[in-house]
Amino acid sequence: MRKPLVVALCALALAGAGATPAVAAAPSPTGADTTTGTAPATSLTDVVGDTVGAVADTLSGLTAPKSAAVNFAGTVSLSNCSGSVVRMPDSAASDPALVLTNGHCLESGFPAPGQVLTDRASSRTFGLLNASGAKVATLRADRLVYATMTDTDAAIYRLNTTYAQIKSAYGIDPLTLSGSRPAAGTAISVVSGYWKRIYSCSVDGFAYRLKEGDWTWKDSVRYTSACDTIGGTSGSPVVDDATGKVVAVNNTGNEDGARCTVNNPCEVDQNGGVTVRQGINYAQQTYPFTACFTTGNRLDLSAGGCTLPKP
């Protein structure tokens, strides 16, 4: 799972932009986000986070590849991950806004294999970015709507504000989830709100099963090598460059060439054959979510066509 080293980030923030970039350090293999999101904006956590974000802006501005068509508007930064404000194809402007990230980015830690969380209280905060990657607001959740690391690696939060309110206050629209499975060869951008960096590549293909440690995910999107995502990009929306719609959520990559271990996922085919692709990164498809949300952005796991894992 793509998680940054918190210690390395703090060291970078204290040292300043002239220090060795934290992105050179290996992501932490464990240590889920334990920030509750209840601290006020003036807390030490927020101050450090803002400082780290500013340094990250400086560093990423020096080296980050940029997509011509895709920008940061609607993406968010978490305490240790990335995410995005998203809408379903039929969401209304008056609906409470949703934020998409990874299941392994939960403030409570990694969900266990087979565990599905729904309708939990949350006050987690998210830094809303504009097109250039500048933070323009802090958004707050009131519920964790859905989260799991079984079959997929995703979490969806409900905010205490609507899409219309966000648009009116900040001029920012949500990203729309595509209702269709992406095709191999699709040009995509992985947009990290944490690092304010956009990775551009293509869908290389799909892993029938992707196994990492105790978790297994289905029909995972495999990137071409140009999307060399790093710690902190977990939860980034994967955007179809042609449509501007979200087709997946970035979540992992094989760092060391190890077989099926944490931070070293392996592909498993229909016959049980295992393939290890060192340096290759992956995402989880998001189109299944569009069949599971009904009027008012309400989750309905019993809806026709909804295939998400159930509690």
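Annotation: the span from F72 atom CZ to K196 atom NZ amounts to 9.0 Å, rounded to 0.5 Å. Rounding to the nearest 0.5 Å places CG of D214 at 11.5 Å from SG of C260. Note: N281 CG to I230 CD1 = 10.5 Å, rounded to the nearest 0.5 Å.
With hydrogens and angles left out, the side-chain atoms of Q285 and S220 include no donor and acceptor closer than 3.5 Å. Judged by distance alone, the side chains of D300 and T294 never bring a donor and an acceptor atom under 3.5 Å apart. Looking at T186 and D240, their side chains never bring a donor and an acceptor atom within 3.5 Å of each other. Using modelled atom types, one finds a donor on one side chain and an acceptor on the other under 3.5 Å when comparing N250 with T233. Between the side chains of D153 and Q284, no donor-acceptor pair is found at a separation under 3.5 Å. Side-chain contact, S192 with S82: a donor N or O sits under 3.5 Å from an acceptor N or O.
A donor-acceptor contact shorter than 3.5 Å is absent between the side chain of E212 and the backbone of C266. At least one donor-acceptor pair under 3.5 Å links the side chain of R140 to the backbone N or O of S123. No side-chain donor-acceptor contact under 3.5 Å links D219 to the backbone of Y208. With hydrogens and angles ignored, the 3.5 Å screen pairs a side-chain donor or acceptor of Y163 with a backbone N or O of V86. In terms of modelled atom types and a separation under 3.5 Å, the side chain of N271 and the main chain of G273 share no donor-acceptor contact. Listed for the T224 side chain is a donor-acceptor partner under 3.5 Å among the backbone atoms of S202. Side chain of W217 to main chain of T150: no donor-acceptor pair is present (N/O by atom type, distance under 3.5 Å, no hydrogens or angles). A donor-acceptor pair is defined here as one N or O able to donate and one able to accept, closer than 3.5 Å; no such pair exists between the side chain of N102 and the backbone of A154. Looking only at distances, no side-chain donor or acceptor of D256 sits under 3.5 Å from a matching main-chain atom of A258. One N or O on the side chain of T286 and one on the backbone of V247 form a donor-acceptor pair closer than 3.5 Å.
Of all the heavy atoms in I172 and L129, the pair that sits closest is CD1-O, 3.3 Å. Listed here is the closest heavy atom pair of L175 and S84: CD1-CB, 3.8 Å. Of all heavy-atom pairs between V239 and V191, the closest is CG2-CG2, 4.3 Å. The minimum heavy-atom distance between G83 and P237, with the atom names listed, is O-CD, 3.8 Å. Smallest separation of non-hydrogen atoms from V276 and G257: CG1-O, 3.4 Å. Nearest heavy-atom pair, P89 versus L177, reported as atom, atom and distance to 0.1 Å: CG-O, 3.5 Å.
Residues P111 and L106 are in side-chain contact: their nearest non-hydrogen atoms beyond the backbone lie under 4.5 Å apart. At a threshold of 4.5 Å between non-hydrogen side-chain atoms, the residues R158 and D142 count as touching. In this structure, the side chains of V190 and Y223 come closer than 4.5 Å at one or more pairs of heavy atoms. Looking only at side-chain heavy atoms (C-beta outward), S79 and R124 come within less than 4.5 Å of each other. The shortest side-chain heavy-atom distance between S189 and V238 does not fall under the 4.5 Å cut-off. At a threshold of 4.5 Å between non-hydrogen side-chain atoms, the residues L159 and I166 count as touching. Between N254 and I280 there is no side-chain heavy-atom pair separated by less than 4.5 Å. Side-chain contact between E255 and Q278: absent, with no pair of heavy atoms (C-beta onward) separated by less than 4.5 Å.
Centroid-to-centroid, the aromatic rings of F110 and W215 come within less than 6.0 Å.
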Salt bridge (Lys or Arg N to Asp or Glu O under 4.0 Å) between K167 and D173, worked out: CA-CA 6 Å; K167 175 70 171 179; D173 292 309; 3.2 Å; yes
Intermediate values then yes/no, salt bridge (Lys or Arg N to Asp or Glu O under 4.0 Å), R277 and E267: CA-CA 8 Å; R277 303 178 190 269; E267 298 184 22; 2.8 Å; yes
Trace of the side-chain hydrogen bond (donor to acceptor under 3.5 Å, both in side chains) decision for S234 with N251: CA-CA 5 Å; S234 286; N251 80 309; over 6 Å; no
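The only member of T176, L98, D95 that meets side-chain contact (heavy atoms from CB on, under 4.5 Å) when paired with M88 is L98.
V268 is not connected to Y282 by any chain of hydrophobic side-chain contacts under 4.5 Å among Ile, Leu, Val, Met, Phe, Trp and Tyr, and they are in different clusters. With hydrophobic clusters built from ILVMFWY side chains whose heavy atoms lie under 4.5 angstrom apart, Y287 does not share a cluster with Y146.
Within 6.0 Å of CZ on R259 lie no more than 12 heavy atoms contributed by other residues, nucleotides or ligands. Residue K211 qualifies as enclosed at atom NZ: its count of foreign heavy atoms under 6.0 Å is above 12.
Remark: R120 fails to qualify as a cation-pi partner of Y157 under the 6.0 Å distance and 45° angle criteria applied to the six-membered ring.
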